[in-house]
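Below is one structure, written out as C-alpha coordinates; comments come after it.
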Amino acid sequence: MDIIQKNGNIVLKNIKDFVPKHIFECGQCFRWDLEEDGSYTGVVYDKVINVSLEDEDVVLKNTNVDDVENIWINYFDIGKDYGHIKKELSDMDEYLKESTKFGYGIRILKQPFYEMVISFIISARNAIPMIKRSVNKLSEDLGEHIDTYNGKKYYSFPTVKSLANADIEKITASKIAFRAPYIQKTAKMIEDEDIQEKDFEKLTLDETAEKLTKFAGVGAKVADCIALFGLSKYDAFPVDVWVKRVMEEFYLKDTNMSLPKMRKYSIEKFGSLGGYAQQYLFYYAREKGIGKNK
DNA sequence: TTCCAGGGCGGGC
DNA sequence: GCCCGCCATGGA
(Lines give C-alpha, C1' and ligand atoms only; values in the text may rest on other atoms or scores of the structure.)
Protein backbone atom coordinates (compact mmCIF):
# COMPACT_ATOMS: atom_id res chain seq x y z
CA MET A 1 0.00 0.00 0.00
CA ASP A 2 1.27 3.45 -0.91
CA ILE A 3 0.12 6.81 0.40
CA ILE A 4 0.10 9.57 -2.21
CA GLN A 5 -0.98 13.22 -2.03
CA LYS A 6 -3.03 14.44 -4.95
CA ASN A 7 -4.97 17.71 -5.31
CA GLY A 8 -5.04 18.14 -1.55
CA ASN A 9 -6.47 14.68 -1.06
CA ILE A 10 -4.85 11.45 0.03
CA VAL A 11 -4.82 8.51 -2.34
CA LEU A 12 -4.18 4.98 -1.12
CA LYS A 13 -2.71 2.89 -3.90
CA ASN A 14 -2.79 -0.88 -4.19
CA ILE A 15 -5.47 -1.51 -1.61
CA LYS A 16 -7.34 -4.75 -1.91
CA ASP A 17 -10.74 -5.71 -0.56
CA PHE A 18 -11.96 -2.17 0.10
CA VAL A 19 -15.42 -1.19 -1.18
CA PRO A 20 -16.99 1.79 0.62
CA LYS A 21 -20.57 0.59 0.02
CA HIS A 22 -19.78 -2.80 1.53
CA ILE A 23 -17.89 -1.33 4.48
CA PHE A 24 -20.38 1.36 5.41
CA GLU A 25 -23.59 -0.52 4.67
CA CYS A 26 -22.88 -3.84 6.31
CA GLY A 27 -24.41 -2.56 9.53
CA GLN A 28 -21.33 -1.98 11.63
CA CYS A 29 -21.39 1.82 11.71
CA PHE A 30 -23.99 4.56 12.06
CA ARG A 31 -22.14 7.78 11.26
CA TRP A 32 -21.26 7.26 7.60
CA ASP A 33 -23.57 8.71 4.96
CA LEU A 34 -23.76 8.24 1.21
CA GLU A 35 -23.16 11.42 -0.80
CA GLU A 36 -24.68 12.20 -4.19
CA ASP A 37 -21.39 11.43 -5.93
CA GLY A 38 -21.29 7.93 -4.47
CA SER A 39 -18.68 8.74 -1.86
CA TYR A 40 -19.25 8.37 1.89
CA THR A 41 -18.69 11.00 4.56
CA GLY A 42 -18.17 9.95 8.15
CA VAL A 43 -17.50 11.31 11.61
CA VAL A 44 -14.92 9.43 13.65
CA TYR A 45 -12.64 10.47 16.50
CA ASP A 46 -13.83 14.08 16.25
CA LYS A 47 -12.82 14.19 12.62
CA VAL A 48 -14.82 14.37 9.39
CA ILE A 49 -13.52 12.37 6.44
CA ASN A 50 -14.80 11.52 2.97
CA VAL A 51 -14.04 8.21 1.29
CA SER A 52 -14.48 7.11 -2.29
CA LEU A 53 -13.23 4.51 -4.70
CA GLU A 54 -11.75 5.81 -7.95
CA ASP A 55 -10.73 2.96 -10.19
CA GLU A 56 -8.42 0.90 -8.02
CA ASP A 57 -7.59 3.71 -5.61
CA VAL A 58 -9.12 4.68 -2.29
CA VAL A 59 -9.42 8.47 -2.12
CA LEU A 60 -9.58 10.17 1.29
CA LYS A 61 -10.74 13.78 1.42
CA ASN A 62 -10.69 16.37 4.20
CA THR A 63 -7.72 14.74 5.91
CA ASN A 64 -3.91 14.72 5.88
CA VAL A 65 -0.97 12.32 5.78
CA ASP A 66 -0.44 12.42 9.54
CA ASP A 67 -4.03 11.42 10.29
CA VAL A 68 -3.96 8.75 7.63
CA GLU A 69 -0.84 7.20 9.12
CA ASN A 70 -1.86 7.62 12.75
CA ILE A 71 -5.60 7.05 12.59
CA TRP A 72 -7.18 5.87 9.36
CA ILE A 73 -4.81 3.02 8.49
CA ASN A 74 -5.72 1.46 11.80
CA TYR A 75 -9.40 2.42 11.66
CA PHE A 76 -9.88 0.80 8.26
CA ASP A 77 -7.86 -2.23 9.31
CA ILE A 78 -5.67 -1.71 6.24
CA GLY A 79 -2.90 -4.00 7.44
CA LYS A 80 -5.12 -7.06 7.47
CA ASP A 81 -5.33 -9.50 4.57
CA TYR A 82 -9.06 -9.85 3.99
CA GLY A 83 -8.37 -11.91 0.89
CA HIS A 84 -6.97 -14.61 3.11
CA ILE A 85 -9.98 -14.43 5.45
CA LYS A 86 -12.39 -14.72 2.52
CA LYS A 87 -10.46 -17.67 1.16
CA GLU A 88 -10.65 -19.52 4.48
CA LEU A 89 -14.37 -18.84 4.79
CA SER A 90 -15.03 -19.77 1.16
CA ASP A 91 -13.37 -23.11 1.74
CA MET A 92 -15.82 -23.89 4.54
CA ASP A 93 -18.97 -24.10 2.42
CA GLU A 94 -20.88 -22.78 -0.59
CA TYR A 95 -22.91 -20.30 1.45
CA LEU A 96 -19.84 -18.50 2.74
CA LYS A 97 -18.32 -18.68 -0.70
CA GLU A 98 -21.38 -16.87 -2.06
CA SER A 99 -21.57 -14.39 0.84
CA THR A 100 -17.90 -13.39 0.73
CA LYS A 101 -18.20 -13.01 -3.03
CA PHE A 102 -21.21 -10.74 -2.60
CA GLY A 103 -19.70 -8.49 0.10
CA TYR A 104 -16.14 -8.83 -1.17
CA GLY A 105 -15.11 -5.32 -0.08
CA ILE A 106 -16.18 -5.53 3.56
CA ARG A 107 -13.66 -4.60 6.24
CA ILE A 108 -14.41 -4.53 9.96
CA LEU A 109 -13.75 -1.03 11.25
CA LYS A 110 -11.93 -0.45 14.52
CA GLN A 111 -14.42 1.90 16.12
CA PRO A 112 -14.32 3.77 19.43
CA PHE A 113 -15.36 1.48 22.29
CA TYR A 114 -17.60 3.85 24.19
CA GLU A 115 -19.36 5.08 21.04
CA MET A 116 -20.14 1.47 20.19
CA VAL A 117 -21.63 0.89 23.64
CA ILE A 118 -24.06 3.78 23.34
CA SER A 119 -24.83 3.27 19.64
CA PHE A 120 -25.68 -0.39 20.00
CA ILE A 121 -27.84 0.24 23.05
CA ILE A 122 -29.81 2.49 20.71
CA SER A 123 -29.89 -0.29 18.10
CA ALA A 124 -32.07 -2.57 20.20
CA ARG A 125 -35.49 -3.13 18.63
CA ASN A 126 -34.81 -0.32 16.20
CA ALA A 127 -34.31 0.21 12.46
CA ILE A 128 -30.91 1.14 11.04
CA PRO A 129 -32.02 4.48 9.49
CA MET A 130 -33.61 5.39 12.83
CA ILE A 131 -30.48 4.44 14.75
CA LYS A 132 -28.39 6.67 12.48
CA ARG A 133 -30.82 9.53 12.96
CA SER A 134 -30.77 9.18 16.74
CA VAL A 135 -26.96 8.97 16.94
CA ASN A 136 -26.62 12.08 14.77
CA LYS A 137 -29.19 14.02 16.75
CA LEU A 138 -27.57 12.99 20.02
CA SER A 139 -24.24 14.26 18.69
CA GLU A 140 -25.83 17.52 17.57
CA ASP A 141 -27.45 18.10 20.95
CA LEU A 142 -24.69 16.91 23.28
CA GLY A 143 -21.52 16.79 21.18
CA GLU A 144 -19.31 19.57 19.78
CA HIS A 145 -19.36 21.16 16.36
CA ILE A 146 -16.08 19.89 14.94
CA ASP A 147 -16.15 20.67 11.24
CA THR A 148 -18.19 21.91 8.32
CA TYR A 149 -17.72 19.87 5.17
CA ASN A 150 -19.45 20.57 1.86
CA GLY A 151 -21.64 23.11 3.65
CA LYS A 152 -22.84 20.62 6.20
CA LYS A 153 -22.12 20.83 9.92
CA TYR A 154 -20.73 17.83 11.73
CA TYR A 155 -20.72 17.09 15.45
CA SER A 156 -18.58 14.82 17.57
CA PHE A 157 -20.11 11.94 19.48
CA PRO A 158 -20.99 13.18 22.99
CA THR A 159 -18.42 12.47 25.69
CA VAL A 160 -19.11 10.08 28.54
CA LYS A 161 -19.35 13.02 30.89
CA SER A 162 -21.85 14.97 28.79
CA LEU A 163 -24.11 11.95 28.49
CA ALA A 164 -23.78 10.99 32.14
CA ASN A 165 -24.71 14.50 33.22
CA ALA A 166 -27.42 15.13 30.64
CA ASP A 167 -31.07 15.44 31.62
CA ILE A 168 -33.15 12.51 30.49
CA GLU A 169 -35.26 14.88 28.37
CA LYS A 170 -32.14 15.94 26.50
CA ILE A 171 -31.53 12.30 25.61
CA THR A 172 -35.09 11.36 24.70
CA ALA A 173 -35.15 14.35 22.33
CA SER A 174 -33.07 12.18 19.99
CA LYS A 175 -36.01 9.78 19.63
CA ILE A 176 -34.27 7.22 21.75
CA ALA A 177 -37.47 6.47 23.63
CA PHE A 178 -37.38 3.67 26.19
CA ARG A 179 -33.61 3.26 25.71
CA ALA A 180 -32.83 6.68 27.20
CA PRO A 181 -32.60 5.48 30.82
CA TYR A 182 -30.29 2.67 29.70
CA ILE A 183 -27.97 5.17 28.06
CA GLN A 184 -27.94 7.48 31.04
CA LYS A 185 -27.30 4.63 33.48
CA THR A 186 -24.57 3.10 31.37
CA ALA A 187 -22.81 6.42 30.75
CA LYS A 188 -22.82 7.07 34.50
CA MET A 189 -21.45 3.61 35.17
CA ILE A 190 -18.66 4.03 32.63
CA GLU A 191 -17.75 7.38 34.17
CA ASP A 192 -17.99 6.29 37.81
CA GLU A 193 -15.99 3.12 37.31
CA ASP A 194 -13.69 4.68 34.71
CA ILE A 195 -14.23 1.76 32.33
CA GLN A 196 -11.97 1.86 29.28
CA GLU A 197 -11.20 -0.15 26.20
CA LYS A 198 -7.94 -1.44 27.65
CA ASP A 199 -9.81 -3.11 30.52
CA PHE A 200 -11.00 -5.70 27.98
CA GLU A 201 -7.69 -6.32 26.22
CA LYS A 202 -6.85 -9.60 27.89
CA LEU A 203 -10.38 -10.87 28.36
CA THR A 204 -11.84 -13.75 26.38
CA LEU A 205 -15.07 -13.21 24.46
CA ASP A 206 -17.14 -14.78 27.23
CA GLU A 207 -15.44 -12.68 29.90
CA THR A 208 -15.96 -9.61 27.72
CA ALA A 209 -19.65 -10.38 27.25
CA GLU A 210 -20.09 -10.98 30.96
CA LYS A 211 -18.56 -7.59 31.78
CA LEU A 212 -20.48 -5.74 29.07
CA THR A 213 -23.88 -7.20 29.96
CA LYS A 214 -23.59 -5.49 33.34
CA PHE A 215 -24.39 -2.30 31.45
CA ALA A 216 -28.06 -1.35 31.34
CA GLY A 217 -29.51 -2.04 27.91
CA VAL A 218 -26.72 -4.43 26.94
CA GLY A 219 -27.71 -8.06 26.43
CA ALA A 220 -25.97 -10.87 24.58
CA LYS A 221 -26.40 -9.48 21.08
CA VAL A 222 -25.43 -5.89 21.83
CA ALA A 223 -22.43 -7.11 23.86
CA ASP A 224 -21.24 -9.12 20.88
CA CYS A 225 -21.51 -6.06 18.63
CA ILE A 226 -19.51 -3.95 21.07
CA ALA A 227 -16.92 -6.74 21.35
CA LEU A 228 -16.61 -7.10 17.58
CA PHE A 229 -16.73 -3.49 16.43
CA GLY A 230 -15.30 -1.68 19.45
CA LEU A 231 -12.95 -4.16 21.08
CA SER A 232 -11.56 -6.13 18.13
CA LYS A 233 -12.86 -9.45 19.46
CA TYR A 234 -13.08 -11.14 16.08
CA ASP A 235 -14.54 -14.38 17.42
CA ALA A 236 -17.73 -12.55 18.45
CA PHE A 237 -20.86 -13.55 16.54
CA PRO A 238 -23.80 -11.20 17.16
CA VAL A 239 -27.10 -12.95 16.46
CA ASP A 240 -29.78 -10.48 15.41
CA VAL A 241 -32.95 -11.02 13.41
CA TRP A 242 -31.07 -11.08 10.09
CA VAL A 243 -28.34 -13.43 11.27
CA LYS A 244 -30.96 -15.68 12.82
CA ARG A 245 -32.78 -15.82 9.50
CA VAL A 246 -29.71 -16.52 7.43
CA MET A 247 -28.39 -19.12 9.87
CA GLU A 248 -31.74 -20.90 9.75
CA GLU A 249 -31.80 -20.65 5.98
CA PHE A 250 -28.26 -21.98 5.49
CA TYR A 251 -27.35 -24.17 8.43
CA LEU A 252 -30.18 -24.73 10.88
CA LYS A 253 -33.30 -25.47 8.86
CA ASP A 254 -36.32 -26.34 11.01
CA THR A 255 -34.26 -26.62 14.20
CA ASN A 256 -36.03 -23.85 16.11
CA MET A 257 -32.81 -23.24 18.03
CA SER A 258 -32.84 -20.63 20.82
CA LEU A 259 -30.72 -17.50 20.36
CA PRO A 260 -28.15 -18.37 23.07
CA LYS A 261 -27.69 -21.80 21.52
CA MET A 262 -27.40 -20.34 18.04
CA ARG A 263 -24.71 -17.98 19.32
CA LYS A 264 -22.79 -20.86 20.87
CA TYR A 265 -23.21 -23.02 17.78
CA SER A 266 -21.88 -20.24 15.53
CA ILE A 267 -18.94 -19.36 17.77
CA GLU A 268 -17.88 -23.00 17.77
CA LYS A 269 -18.47 -23.37 14.05
CA PHE A 270 -16.58 -20.31 12.87
CA GLY A 271 -14.03 -19.91 15.66
CA SER A 272 -11.62 -17.00 15.28
CA LEU A 273 -13.36 -16.02 12.02
CA GLY A 274 -16.80 -15.70 13.61
CA GLY A 275 -17.02 -11.93 13.41
CA TYR A 276 -16.01 -11.84 9.76
CA ALA A 277 -18.42 -14.63 8.87
CA GLN A 278 -21.18 -12.77 10.68
CA GLN A 279 -20.58 -9.58 8.71
CA TYR A 280 -20.53 -11.28 5.31
CA LEU A 281 -23.67 -13.24 6.23
CA PHE A 282 -25.45 -10.19 7.67
CA TYR A 283 -24.75 -8.08 4.60
CA TYR A 284 -25.81 -10.85 2.25
CA ALA A 285 -29.00 -11.60 4.20
CA ARG A 286 -30.07 -7.98 4.58
CA GLU A 287 -29.33 -6.91 1.01
CA LYS A 288 -31.13 -9.94 -0.38
CA GLY A 289 -33.92 -10.06 2.20
CA ILE A 290 -33.17 -13.66 3.14
CA GLY A 291 -35.95 -15.32 5.11
CA LYS A 292 -37.97 -12.16 5.50
CA ASN A 293 -41.39 -13.61 4.66
CA LYS A 294 -41.70 -16.47 7.07
C1' DT B 1 -54.62 -0.48 10.64
C1' DT B 2 -51.15 -3.60 11.46
C1' DC B 3 -46.59 -5.14 11.42
C1' DC B 4 -41.79 -4.70 12.08
C1' DA B 5 -37.06 -2.85 13.03
C1' DG B 6 -29.23 -5.21 14.16
C1' DG B 7 -33.26 -6.69 21.70
C1' DG B 8 -33.33 -6.09 26.68
C1' DC B 9 -35.69 -6.47 31.00
C1' DG B 10 -38.42 -8.35 34.51
C1' DG B 11 -41.65 -11.68 35.37
C1' DG B 12 -43.09 -16.36 35.43
C1' DC B 13 -42.23 -21.35 35.22
C1' DG C 1 -32.54 -22.51 30.91
C1' DC C 2 -36.88 -20.82 28.10
C1' DC C 3 -40.96 -18.00 27.19
C1' DC C 4 -43.85 -14.05 27.62
C1' DG C 5 -45.41 -9.20 27.51
C1' DC C 6 -43.82 -4.89 27.35
C1' DC C 7 -41.00 -1.27 26.00
C1' DA C 8 -41.53 4.23 21.85
C1' DT C 9 -41.04 5.56 17.27
C1' DG C 10 -41.64 5.84 12.36
C1' DG C 11 -41.78 3.63 7.93
C1' DA C 12 -43.96 0.26 4.87
Side-chain angles (χ1 to χ4, degrees), chain A residues 22-33 99 103 106 108-109 111 115-138 141 168-187 189 206 208-231 233 236-250 252 255-267 274-294:
Chain A
H22 297 173
I23 294 172
F24 303 126
E25 295 187 20
C26 69
Q28 61 180 324
C29 51
F30 303 111
R31 301 210 70 193
W32 285 90
D33 288 320
S99 300
I106 288 177
I108 297 184
L109 303 170
Q111 303 184 71
E115 182 174 330
M116 290 300 95
V117 174
I118 303 302
S119 298
F120 277 98
I121 288 175
I122 296 172
S123 80
R125 193 65 190 168
N126 210 342
I128 289 181
M130 284 291 296
I131 302 166
K132 292 179 71 174
R133 207 181 303 173
S134 289
V135 172
N136 280 326
K137 181 75 161 61
L138 201 62
D141 290 352
I168 198 80
E169 291 80 12
K170 195 81 176 175
I171 300 177
T172 51
S174 297
K175 305 299 181 187
I176 280 163
F178 61 89
R179 311 166 192 87
Y182 298 157
I183 288 176
Q184 198 179 43
K185 263 191 189 174
T186 297
M189 188 168 164
D206 282 338
T208 299
E210 195 186 332
K211 193 170 165 72
L212 288 174
T213 48
K214 289 194 170 67
F215 293 153
V218 178
K221 187 269 171 183
V222 170
D224 281 335
C225 284
I226 299 167
L228 179 57
F229 305 129
L231 295 170
K233 306 284 184 190
F237 194 92
V239 180
D240 61 29
V241 288
W242 288 106
V243 175
K244 178 177 187 294
R245 285 169 186 156
V246 73
M247 286 301 290
E248 286 174 345
E249 180 86 11
F250 289 169
L252 303 166
T255 57
N256 210 10
M257 194 181 276
S258 70
L259 292 181
K261 281 186 179 171
M262 191 177 287
R263 174 180 186 269
K264 190 165 183 292
Y265 170 89
S266 307
I267 287 171
Y276 305 102
Q278 194 271 1
Q279 281 296 276
Y280 290 115
L281 289 170
F282 174 88
Y283 185 64
Y284 185 84
R286 184 161 176 266
E287 293 289 315
K288 292 191 175 274
I290 299 282
K292 211 179 171 187
N293 301 314
K294 279 172 77 175

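Being a predicted model, the structure only gives us computed values, none of them experimental.
On the nucleic acid side, DNA chain C has its first and last nucleotide under 4.0 Å of a heavy atom of chain A at C/dC2 to C/dG11, going 5' to 3'.
Using a 4.0 Å cutoff on non-hydrogen atoms, the parts of residues 124-131 of chain A near DNA chain C are A/Arg125, A/Met130, ordered by number. For residues 173-181 of chain A, proximity to DNA chain B is found at A/Phe178, defined as any non-hydrogen atom under 4.0 angstrom from a strand atom.
Among the candidates A/Phe215, A/Phe229, A/Tyr182, the single residue satisfying the ring pair (Phe, Tyr, Trp, His ring centres under 6.0 Å) test with A/Phe120 is A/Phe229.
Counting only residues at least two apart or on different chains, the salt bridge (charged side-chain N to carboxylate O under 4.0 Å, His left out) pairs with a member in residues 214-226 of chain A are A/Asp224-A/Arg263. Within the structure, salt bridge (charged side-chain N to carboxylate O under 4.0 Å, His left out) contacts touching residues 117-128 of chain A (residues at least two apart or in different chains) do not occur.
When the salt bridge (Lys or Arg N to Asp or Glu O under 4.0 Å) test is applied to A/Lys175, no partner is found at least two apart in sequence or on another chain. In this structure, A/Lys170 has no side-chain hydrogen bond (donor to acceptor under 3.5 Å, both in side chains) partners at least two apart in sequence or on a different chain. By the salt bridge (Lys or Arg N to Asp or Glu O under 4.0 Å) test, A/Lys233 pairs with no residue at all, sequence neighbours left out.
Rounding to whole angstrom units, NZ of residue A/Lys244 and C1' of B/dG7 are separated by 13 Å. Atom NZ of A/Lys132 is separated from atom C1' of B/dG6 by 14 Å (rounded to the nearest Å).
C/dC3 and B/dG6 have their P atoms separated by 23 Å, given to the nearest Å. When the P atom is used for both C/dG10 and B/dG8, the distance is 22 Å, rounded to whole Å.
In summary, A/Lys244 and A/Asp240 do not engage in a salt bridge, as defined by a charged side-chain N under 4.0 Å from a carboxylate O.
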Could you go over nucleotides 9-13 of chain B and give all protein N or O partners under 3.5 Å, atom names and distances?
from: B/dC9; atom 1: OP1; to: A/Gly217; atom 2: N; distance (Å): 3.0

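Residue contacts for A/Cys26: at a heavy-atom cut-off of 4.0 Å it reaches a base atom on one of the strands shown. Nucleic acid contact class of A/Lys261 (heavy atoms, under 4.0 Å, all strands): sugar-phosphate only.
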For residues 25-32 of chain A, which side-chain N or O atoms pair as donor and acceptor with protein atoms under 3.5 Å away, sequence neighbours left out?
from: A/Glu25; atom 1: OE1; to: A/Lys21; atom 2: NZ; distance (Å): 3.4
from: A/Glu25; atom 1: OE2; to: A/Tyr40; atom 2: OH; distance (Å): 2.3
from: A/Gln28; atom 1: OE1; to: A/Leu109; atom 2: N; distance (Å): 2.8
from: A/Gln28; atom 1: NE2; to: A/Ile23; atom 2: O; distance (Å): 2.9
from: A/Gln28; atom 1: NE2; to: A/Arg107; atom 2: O; distance (Å): 2.8
from: A/Arg31; atom 1: NE; to: A/Asn136; atom 2: OD1; distance (Å): 3.3
from: A/Arg31; atom 1: NH1; to: A/Ser139; atom 2: OG; distance (Å): 3.3
from: A/Arg31; atom 1: NH1; to: A/Tyr155; atom 2: O; distance (Å): 2.9
from: A/Arg31; atom 1: NH2; to: A/Asn136; atom 2: OD1; distance (Å): 3.4
from: A/Arg31; atom 1: NH2; to: A/Tyr155; atom 2: O; distance (Å): 2.8
from: A/Trp32; atom 1: NE1; to: A/Tyr75; atom 2: OH; distance (Å): 2.9

Quick one: side chains of residues 277-286 of chain A, donor-acceptor pairs under 3.5 Å with protein atoms, not counting sequence neighbours, listed by atom name and distance.
from: A/Gln278; atom 1: NE2; to: A/Pro238; atom 2: O; distance (Å): 2.9

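Paired regions of DNA chain B, where each region holds three or more successive Watson-Crick or G-U pairs whose two hydrogen-bonding distances fall under 3.5 Å, are B:2-5 with C:9-12, B:7-13 with C:1-7.
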